[in-house]
Amino acid sequence: MSPVWAMDANATREINHLLDFSARSGCQFVRNGTVYGAKEATDHLRMKLGKVGERVKTADDFIEHIASQSYLSGTPYSVRCPGANEQATKAWLSTELRRLRAAQP
């Protein structure tokens, strides 16, 4: 069951896809210098999303305001995936969102 946020069904579907993508990625996430597994990092994003409520209206908002950097320190998050260079989580999720949207009829 999807959480209730102040967004339309498409935004909810896209954000849930990004969260599932993150959780299943097998990647490691770097937040404020500490490395976290995919599940723990995704749980953190879900917690942050739950706290912002109405301020997130789109998947782009989610990436920009929730999944890109630490709210407290402002330090960008990054992701380390097997066989790939470390990259900013913002870029990684934005690429997946573009892929998802391009696959839509």
- Item | Ser78 side, atom OG; Asn85 side, atom CG - distance, nearest 0.5 Å | 11.5 Å
- Item | Spacing of Arg101 atom CZ and Arg99 atom CZ [to the nearest 0.5 Å] | 12.5 Å
- Message: Can you confirm whether Leu93 sits close enough to Phe21 that some side-chain heavy atom of one is under 4.5 Å from a side-chain heavy atom of the other?
- Response: yes
- Nearest non-hydrogen partners of Ser22 and Phe29, listed with the distance: OG-CZ, 3.4 Å
- Message: Within the 3.5 Å criterion, strictly below it, is a donor on Thr75 or Ser70 matched to an acceptor on the partner's side chain?
- Response: no
- Interatomic distance, CD1@Ile66 vs OG1@Thr89, rounded to 0.5 Å, equals 13.5 Å
- Task: Begin from the C-alpha positions of Lys90 and Asp60 and carry the test salt bridge (Lys or Arg N to Asp or Glu O under 4.0 Å) through to its verdict.
- Result: CA-CA 10 Å; Lys90 180 178 182 177; Asp60 298 291; over 6 Å; no
- Query: Less than 4.5 Å apart, any side-chain heavy atom of Arg80 and any of Val35?
  - Reply: yes
- Task: Working to the nearest 0.5 Å, report the span between OG of Ser25 and CD of Glu96.
- Result: 10.5 Å
- Query: Thr95 versus Arg98: any side-chain heavy-atom pair under 4.5 Å?
  - Reply: yes
- Query: Can you list the steps and then say if Asn10 with Arg13 is a side-chain hydrogen bond (donor to acceptor under 3.5 Å, both in side chains)?
  - Reply: CA-CA 5 Å; Asn10 187 59; Arg13 181 186 57 77; 2.5 Å; yes
- Note on the structure: All heavy atoms of Ala38 vs all of Ala23, minimum pair found to be CB-O, 3.6 Å
- Separation between CG (Leu19) and CG (Asp43), nearest 0.5 Å, reads 9.5 Å
- Note on the structure: dist Tyr77:OH -> Asn32:CG (nearest 0.5 Å) comes out at 6.5 Å
- Message: Do Phe62 and Leu18 make a side-chain contact, defined as non-hydrogen atoms from C-beta onward lying under 4.5 Å apart?
- Response: yes
- Message: Within the structure provided, determine whether Lys51 and Met47 are in side-chain contact (heavy-atom separation under 4.5 Å).
- Response: yes
- Same cluster (ILVMFWY, side-chain, under 4.5 Å), Ile63 and Leu100: yes
- Check whether any side-chain heavy atom of Asp61 lies under 4.5 Å from a side-chain heavy atom of Arg55, and answer yes or no. no
- Message: Is it true that Thr34 and Arg31 share a donor-acceptor pair across their side chains at a distance under 3.5 Å?
- Response: no
- For residues Trp92 and Cys81, report the shortest heavy-atom separation together with the two atoms involved. NE1-SG, 3.7 Å
- Item | Tyr36 with Leu49, same ILVMFWY side-chain cluster at under 4.5 Å | no
- Message: Taking the side chain as everything from C-beta on, heavy atoms only, tell me whether Gln87 gets closer than 4.5 Å to Val79.
- Response: yes
- Item | Evaluation steps, salt bridge (Lys or Arg N to Asp or Glu O under 4.0 Å), between Asp20 and Lys39 | CA-CA 9 Å; Asp20 290 343; Lys39 182 187 179 319; over 6 Å; no
- Mind listing the closest non-hydrogen atom pair of Ala11 and Lys57 along with its distance? CB-O, 3.4 Å
- Is Ser68 close to Pro76 at the side-chain level, that is, under 4.5 Å between some pair of heavy atoms? no
